[in-house]
Protein chains: 2
Amino acid sequence: MGVINHIKKIRIEKGITQIRMAEDLQVTRQTINAIEKNKYNPSLELALKLVDYFDVPIEEIFILEEDET
Amino acid sequence: MGVINHIKKIRIEKGITQIRMAEDLQVTRQTINAIEKNKYNPSLELALKLVDYFDVPIEEIFILEEDET
DNA sequence: AAGATGTGTAAAGATATCTTTACGTATCAG
DNA sequence: CTGATACGTAAAGATATCTTTACACATCTT
């Protein structure tokens, strides 16, 4: 059970650096890096900002992994 | 800047109690209550579970309020 | 080689999210 | 009135999210 994301993939595709993303989204570079490395999930607020930032559907960025029985 | 939600409205429309929601989503009733009262935002994981649970687009539940310049 | 740029990481601290326990109020059924 | 059900809330504590500061490594340019 948990959430994984495809932020790094999307960021690279768009040719954006972690540094620029952090500035644009008003968080630190370490936050972007940690989320890309799936160290933890973004807050809902940051997740929604990421959706707006990349302009892609949320399902293309964040995947809710179901509990495998 | 922040996120508001329409969980209470949607829950009432579907005739579900906070207690049942909490059981179904495996969180406490207090968590549901606090989120409905906008005491704090759900985690991204819980937010995605809520989307699945209600089967509505995320934009109908969560609204990212922009910073008014 | 030296400097600039982009990325990975770590540790300490602040704040947010969530649980557990518990109490209060209101409504409805018996 | 009594009991059951649903909701609102509060306080203490655990864990997650995010910041600040700092260091390391790799690549590219000069």
Side-chain angles (χ1 to χ4, degrees):
Chain A
M1 184 79 67
V3 180
I4 61 169
N5 70 75
H6 297 143
I7 290 172
K8 180 164 188 173
K9 179 173 179 297
I10 296 170
R11 178 178 61 79
I12 299 294
E13 282 169 5
K14 305 217 177 221
I16 302 169
T17 66
Q18 289 181 352
I19 295 166
R20 183 153 210 285
M21 261 188 76
E23 285 167 355
D24 290 341
L25 294 166
Q26 310 229 65
V27 294
T28 65
R29 180 180 64 84
Q30 286 78 350
T31 295
I32 301 298
N33 190 290
I35 291 167
E36 282 191 356
K37 307 298 272 185
N38 282 285
K39 294 265 169 64
Y40 50 73
N41 296 127
S43 66
L44 176 59
E45 179 170 349
L46 181 50
L48 293 176
K49 285 178 183 169
L50 284 160
V51 167
D52 282 359
Y53 186 68
F54 286 135
D55 195 30
V56 295
I58 192 167
E59 317 86 67
E60 288 186 22
I61 306 185
F62 299 106
I63 312 295
L64 178 61
E65 306 219 293
E66 297 300 332
D67 238 353
E68 307 298 335
T69 320
Chain B
M1 183 78 69
V3 180
I4 60 169
N5 71 76
H6 297 144
I7 290 172
K8 179 164 190 175
K9 178 173 178 297
I10 296 171
R11 177 178 62 78
I12 299 293
E13 282 169 5
K14 304 215 177 223
I16 302 169
T17 66
Q18 289 182 350
I19 296 166
R20 182 154 209 286
M21 262 190 76
E23 286 167 354
D24 289 342
L25 294 167
Q26 310 230 65
V27 294
T28 64
R29 180 178 65 83
Q30 285 79 350
T31 295
I32 300 298
N33 190 290
I35 292 168
E36 282 192 355
K37 307 297 272 186
N38 281 286
K39 295 266 169 63
Y40 50 75
N41 297 128
S43 65
L44 176 58
E45 177 170 350
L46 181 50
L48 293 177
K49 286 179 184 170
L50 284 161
V51 167
D52 282 358
Y53 186 68
F54 287 134
D55 195 29
V56 294
I58 191 166
E59 318 85 67
E60 288 186 22
I61 307 185
F62 300 106
I63 312 294
L64 178 61
E65 305 219 293
E66 296 301 330
D67 238 354
E68 308 297 337
T69 320

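Heavy-atom basis, side chains included; hydrogens, waters and symmetry copies ignored.
- In this structure a side-chain-to-backbone donor-acceptor pair under 3.5 Å is missing from A:K49 to A:L25.
- When every heavy atom of A:V51 is checked against every heavy atom of A:V56, the shortest pair comes out as CG1-O, 3.3 Å.
- Within the nucleic acid shown, B:T28 comes within 4.0 Å of at least one base atom, counting heavy atoms only.
- Closest to the side chain of B:L46, from the set C:dT20, C:dT7, C:dC18, is C:dC18.
- In this structure, A:E23 atom CD and C:dG6 atom P are separated by 9 Å, rounded to whole Å.
- Between A:T31 and A:Y40 the shortest side-chain heavy-atom distance falls below 4.5 Å.
- By the 4.5 Å heavy-atom criterion applied to side chains, B:L44 and A:L46 are not counted as neighbours.
- When each of B:I19 and B:K39 is assigned the nucleotide of DNA chain D bearing its nearest heavy atom, the one mapping closer to the 5' terminus is B:I19.
- Contact annotation for B:T31: base contact, defined as any heavy-atom pair under 4.0 Å involving a base atom.
- We find that OH of B:Y40 is positioned 13 Å from C1' of D:dA14, with the value rounded to whole Å.
- Panel note: side chain B:N5, backbone B:I35; a donor-acceptor pair is recorded below 3.5 Å.
- Atom P of nucleotide D:dC7 and atom CE of B:M21 are separated by 10 Å, given to the nearest angstrom.
- Residue A:E36 places its side chain closer to C:dG8 than to any other of D:dG8, C:dG8, D:dC18.
- Spacing between atom NZ of A:K37 and atom C1' of D:dA16 amounts to 20 Å, rounded to whole angstrom units.
- With hydrogens and angles left out, the side chain of A:R29 and the base of C:dG8 share a donor-acceptor pair within 3.5 Å.
- OP1 or OP2 of C:dC18 has at least one side-chain nitrogen or oxygen of B:S43 nearer than 4.0 Å.
- Rounded to whole angstrom, the span from the CG atom of A:L44 across to the C1' atom of D:dA16 amounts to 14 Å.
- Listed pair A:R11 / C:dT7 meets the phosphate criterion, a side-chain N or O lying under 4.0 Å from OP1 or OP2.
- Rounded to whole Å, the distance from CD on A:Q30 to P on C:dG6 is 15 Å.
- At C:dG8, one or more side-chain N or O atoms of A:N33 fall inside 4.0 Å of OP1 or OP2 (strictly under the cut-off).
- Rounding to whole angstrom units, CD1 of residue A:I35 and P of C:dG8 are separated by 13 Å.
- In this structure, B:P42 and A:I12 both approach DNA chain C, and ranking their closest nucleotides by distance from the 5' end singles out A:I12.
- Rounded to a whole Å, the CD atom of A:Q18 is 11 Å from the C1' atom of C:dT9.
- Mapped onto DNA chain C by nearest heavy atom, B:V27 and A:K8 fall at different nucleotides, with A:K8 at the one closer to the 5' end.
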